[in-house]
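Take a look at the structure set out below.
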Protein chains: 2
Amino acid sequence: MADRSGPQGNETLLFLTDEHLRKGIEAMFFAYRGFTADPDRILGEKGYGRAHHRAIHFIKRTPGTTVNNLLSILGVTKQSLNRVLRTLIDDGLVQSEVGTRDKRERHLNLTETGLELERELSNAQRDRMRTAFRQTGPEAVAGFRQVLEAMMDSDMRRHYARLKDAEV
Amino acid sequence: MADRSGPQGNETLLFLTDEHLRKGIEAMFFAYRGFTADPDRILGEKGYGRAHHRAIHFIKRTPGTTVNNLLSILGVTKQSLNRVLRTLIDDGLVQSEVGTRDKRERHLNLTETGLELERELSNAQRDRMRTAFRQTGPEAVAGFRQVLEAMMDSDMRRHYARLKDAEV
DNA sequence: GATTTTATGTCAGCCTTGTTGACATTCCAA
DNA sequence: TTGGAATGTCAACAAGGCTGACATAAAATC
């Protein structure tokens, strides 16, 4: 929100040049590849894809979540999500229970098998994140999260913040 | 590389808890969606996809690059890249010239039309990046780039660094 | 109580973008 | 001259997005 560079000091704005912005763009591109590389390998071996990982992650993250809630977090269509959920339910990784208060809803949870895969995936992804965090230190990590948060769409920031408040 | 937290001070390691790592993971997920949202909208209107954007970006970035070089940066198969390049060449956005030194190679450049689209895409993406950078300040941006760079696969870091050295 | 809205599931079909495999061409280099 | 490298192209396939249409059950509203 606030422009933290003074109005007179031009040298304080040097981090906003097009060259620096392009470097930031390419950093996002290359880093995201690394970010997904390890889970992708594991998923590939088991016949799943990134979409399954995302579903598994957020079900683990918000146990008992409904399909609609998952849709708004993932930002895909219900048909797309349904295809993924169907295979996870059929394979016994996800359990779908009719809601008690509202019987139209389905509450989603990971089964023991689902939790196992989730652990395998998030261990791999966390390992890389941990290494990167350790290499760069807490101040860099704080900046990393600030910039990423500022880059989100506002509705996604809501999801992110809600999760943050709930657990951290 | 070096663990910057002391071996005895536990409180300095608090940024490495699983909860913080998970927050970093979700920050990457939600931020990447924002990162690609604006170009995706523009591309969708013109019948292109993210793959076209990536090709356009790195051709602009490294004019006269060969197909093979582009392949190693983008990390896809030549068939996949070829399909994208073909549409861009047919639509007059990319020019492919037989190499002079080695006539097997094709040197890729953007045409004036291609440069126009590239400007439109990167302006949109830079706007978001600039806003995020300005909101968070130079120290946060430095941390952002450090962490992202540490998260890359080493071969991708090579590409990233090479581009960095060449132009920044 | 009847009607409308909501949550979900499902079927069919389309698109982009990734994959593998096979094969042709061109041309540098040993 | 022959082998291999760089590129192009064709075919087939899969994942995972999308839209549209329709069914069902249940909640909400009139």
Side-chain angles (χ1 to χ4, degrees), chain A residues 29 32-33 36-37 39-59 64-91 94-109, chain B residues 29 32-33 36-37 39-59 64-91 94-109:
Chain A
F29 172 70
Y32 199 79
R33 290 258 295 279
T36 56
D40 280 356
R41 250 187 303 278
I42 296 167
L43 291 158
E45 290 165 9
K46 319 218 173 199
Y48 296 122
R50 229 176 261 182
H52 301 86
H53 185 190
R54 291 196 281 260
I56 288 172
H57 175 95
F58 285 107
I59 293 173
T65 186
T66 64
V67 173
N68 245 10
N69 183 45
L70 211 48
L71 282 178
S72 77
I73 291 179
L74 297 176
V76 298
T77 59
K78 63 174 179 174
Q79 294 91 331
S80 223
L81 177 58
N82 190 256
R83 180 168 37 198
V84 167
L85 281 181
R86 183 103 319 271
T87 69
L88 292 176
I89 291 169
D90 290 350
D91 293 356
V94 168
Q95 192 184 10
S96 169
E97 282 180 328
V98 172
T100 49
R101 208 193 49 196
D102 185 335
K103 294 182 187 170
R104 290 170 304 178
E105 295 182 341
R106 301 292 184 280
H107 294 291
L108 304 170
N109 288 284
Chain B
F29 172 71
Y32 199 78
R33 290 259 296 279
T36 56
D40 280 356
R41 250 188 302 278
I42 296 168
L43 290 157
E45 290 166 8
K46 320 217 174 202
Y48 295 122
R50 228 176 260 182
H52 300 88
H53 185 189
R54 291 197 280 260
I56 288 171
H57 175 95
F58 285 107
I59 293 172
T65 186
T66 63
V67 173
N68 244 12
N69 184 43
L70 212 47
L71 282 178
S72 77
I73 290 178
L74 297 178
V76 297
T77 59
K78 62 176 178 172
Q79 294 88 334
S80 216
L81 176 57
N82 190 258
R83 180 169 36 198
V84 166
L85 282 180
R86 182 101 324 268
T87 70
L88 291 175
I89 292 168
D90 290 350
D91 292 355
V94 167
Q95 192 183 12
S96 169
E97 284 180 327
V98 173
T100 49
R101 209 194 50 196
D102 184 337
K103 294 182 188 171
R104 290 167 302 180
E105 294 182 342
R106 301 292 183 279
H107 295 289
L108 303 170
N109 288 285

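Residue numbering restarts at 1 for every chain, and letters A, B, ... go by the order of the sequence lines.
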(Q) Expressed as a whole number of angstroms, how long is the span from B:His107:NE2 to D:dT7:P? (A) 9 Å
Q: Identify, between A:Leu108 and A:Arg83, the residue whose nearest nucleotide on DNA chain C lies closer to the 5' end.
A: A:Leu108
(Q) Here's a test of your reading of the structure: between A:Arg101 and A:Tyr48, which maps to the more 5' nucleotide of DNA chain D? (A) A:Tyr48
Q) What class does the angle between the rings of B:His57 and B:His53 fall in, given that below 30° is parallel, 30 to 60° is tilted and above 60° is perpendicular? A) perpendicular
Q. So, is A:His52 near the phosphate of D:dG16, with a side-chain N or O under 4.0 Å from OP1 or OP2?
A. yes
Q) Is there a side-chain polar atom (N or O) of B:Thr77 under 4.0 Å from OP1 or OP2 of C:dT19? A) yes
Q) Is A:Gln79 side chain donor-acceptor paired with the D:dG16 base, going by distance under 3.5 Å alone? A) no
Q: Examine the base of C:dT6 for any acceptor or donor lying under 3.5 Å from a partner atom in the side chain of A:Arg104, and report the outcome as yes or no.
A: yes
Q) With respect to the side chain of A:Lys103, which nucleotide from C:dT19, C:dT17, D:dA26 is positioned closest? A) D:dA26
Q: From the options D:dT9, D:dA26, C:dT17, select the nucleotide whose nearest atom is closest to the side chain of B:Asn82.
A: D:dT9
Q. Side-chain donor or acceptor of A:Arg50 under 3.5 Å from a matching atom on the base of D:dG17?
A. no
Q) Hey, which of these two, B:Gly49 or A:Glu105, hits DNA chain C nearer its 5' end, going by closest nucleotide? A) A:Glu105
Q. If only side-chain N and O atoms of A:Arg106 are considered, is one of them under 4.0 Å from the OP1 or OP2 phosphate oxygen of C:dA7?
A. no
Q. Is B:Lys78 side chain donor-acceptor paired with the D:dT7 base, going by distance under 3.5 Å alone?
A. yes
Q. Parallel, tilted or perpendicular: which describes the rings of B:Phe29 and A:Phe58, with under 30° parallel and over 60° perpendicular?
A. tilted
